[in-house]
Amino acid sequence: MHGYQHTALNLATTSVVAAALTLLGHPQTAAAVSTGMVFGTLLVTPDLDLHYNDARRNWGALKAIWAPYAAMSTHRGINHTYLAGPLLRLLYLAFWFAVPVYLLWQWPAAAAWAREFPREMLFSAFLGYLMSQWLHLLCDGIIPFQQRKRPRPARGPLSRTEQTRSSGSRWSRR
Ligand SMILES: [Zn+2]
């Protein structure tokens, strides 16, 4: 799937999720989940492991911060996993923004605002971010819990079923 197709599908899904949550009477959750989904669609996507991609361009003057990330990555390696990849990208961002956030924290008004910010909104935004990443992976044809598996070393003669399983395309790299 091309980058623009991922973006279009993710944004369309975001609209549906936001509309559904609003209609169910949870407008604040809708806003938080959509914020997370848009963040995970336009700014922090699994394809940041590529040197040229839409998300990286969207960072504008700050796009250089993703250069080391792409240089350290193999496309569709750990970045295209369901939990480690999304968490790794947030940690990577935290690394870059730790000092500015710390400095901002020294400003009493900002610290007070952050302390009073509803934790459930943060959690909803995080869920929205995860949903955007998972939708991307599904569209890439990556099924949860199946990627990165490797056949166990054989301890003895393989049974007929095991031979079929280990020689099949199930373990081939995507
Ligand atoms: Zn991808």
Quiz: residues 29-42 side-chain donor-acceptor pairs under 3.5 angstrom, not counting sequence neighbours:
from, atom 1, to, atom 2, distance (Å)
S34, OG, A30, O, 2.4
T35, OG1, A31, O, 2.7
T41, OG1, N10, ND2, 3.1
T41, OG1, M37, O, 2.6

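- Hydrophobic cluster membership differs between L9 and L138, with clusters built from Ile, Leu, Val, Met, Phe, Trp and Tyr side chains linked at under 4.5 angstrom.
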For H136 and M1, run side chain to side chain contact (heavy atoms under 4.5 Å, CB included): C-alpha distance rounded to whole Å, both residues' side-chain angles, the deciding distance at 0.1 Å, then the answer.
CA-CA 9 Å; H136 178 113; M1 203 178 229; over 6 Å; no

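- Here F123 is tied into one hydrophobic group with L127, each link being a pair of ILVMFWY side chains closer than 4.5 Å.
- Applying the side chain to side chain donor-acceptor pair (under 3.5 Å) criterion to D54, with sequence neighbours excluded, gives R57.
- M72 and W59 fall within the same hydrophobic cluster, defined by Ile, Leu, Val, Met, Phe, Trp and Tyr side-chain heavy atoms under 4.5 Å apart, directly or through other members.
- I78 and L88 get closest at one heavy-atom pair: CG2-CD2, 4.0 Å.
- The shortest non-hydrogen separation linking P46 to H80 is O-CE1, 3.3 Å.
- Cluster annotation: L135 and L83 are assigned to distinct hydrophobic clusters (Ile/Leu/Val/Met/Phe/Trp/Tyr, side-chain heavy-atom contacts under 4.5 Å, transitive).
- Among residues two or more places apart in sequence or in another chain, the side chain to side chain donor-acceptor pair (under 3.5 Å) test is passed with W96 by Y92.
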Check against side chain to side chain contact (heavy atoms under 4.5 Å, CB included), M131 and V17:
CA-CA 10 Å; M131 281 163 63; V17 170; 4.0 Å; yes

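- Listed by chain and number, the residues in a side chain to side chain donor-acceptor pair (under 3.5 Å) with S73 are N79 (sequence neighbours excluded).
- In the hydrophobic clustering (ILVMFWY side chains linked at under 4.5 Å, chained through shared members), L103 is joined by V99, Y102.
- Within the structure, the side chain to side chain donor-acceptor pair (under 3.5 Å) test picks out no pair touching residues 11-20 (sequence neighbours left out).
- With rounding to the nearest 0.5 angstrom, the CG atom of N58 is 7.5 Å from the OG1 atom of T7.
- Shown here is F97, whose CZ atom has more than 12 heavy atoms of other residues, nucleotides or ligands within 6.0 Å.
- Here M121 sits in one hydrophobic cluster together with W113, F117, L122; the rule is ILVMFWY side chains under 4.5 Å apart, joined directly or through other members.
- Evaluated for a side-chain contact (heavy atoms from CB on, under 4.5 Å) with W66, the options L43, V44, L50 yield exactly one hit, V44.
- Considering only heavy atoms from C-beta on, T45 stays 4.5 Å or farther from H6 through its side chain.
- Evaluation of the salt bridge (Lys or Arg N to Asp or Glu O under 4.0 Å) rule for D49 yields no partner, not counting sequence neighbours.
- Pairs engaging residues 109-134 under the salt bridge (Lys or Arg N to Asp or Glu O under 4.0 Å) rule: none recorded [sequence neighbours left out].
- Residues L62 and V101 share a single hydrophobic cluster, defined by chaining ILVMFWY side chains whose heavy atoms lie under 4.5 Å apart.
- The two residues T81 and A84 come nearest to each other via the heavy atoms OG1-CB, 3.6 Å.
- The ring-ring contact (aromatic ring centres under 6.0 Å, His included) contacts involving residues 14-36 comprise nothing, where partners must be two or more places apart or lie in separate chains.
- Within the structure, side chain to side chain donor-acceptor pair (under 3.5 Å) pairs that include any residue of residues 124-133 comprise R89-Q133 (at least two apart or interchain).
- Between H51 and A67 the shortest heavy-atom distance is CE1-O, 4.4 Å.
- The main-chain N or O of I142 is found under 3.5 Å from a side-chain atom of Y82 such that the two form a donor-acceptor pair.
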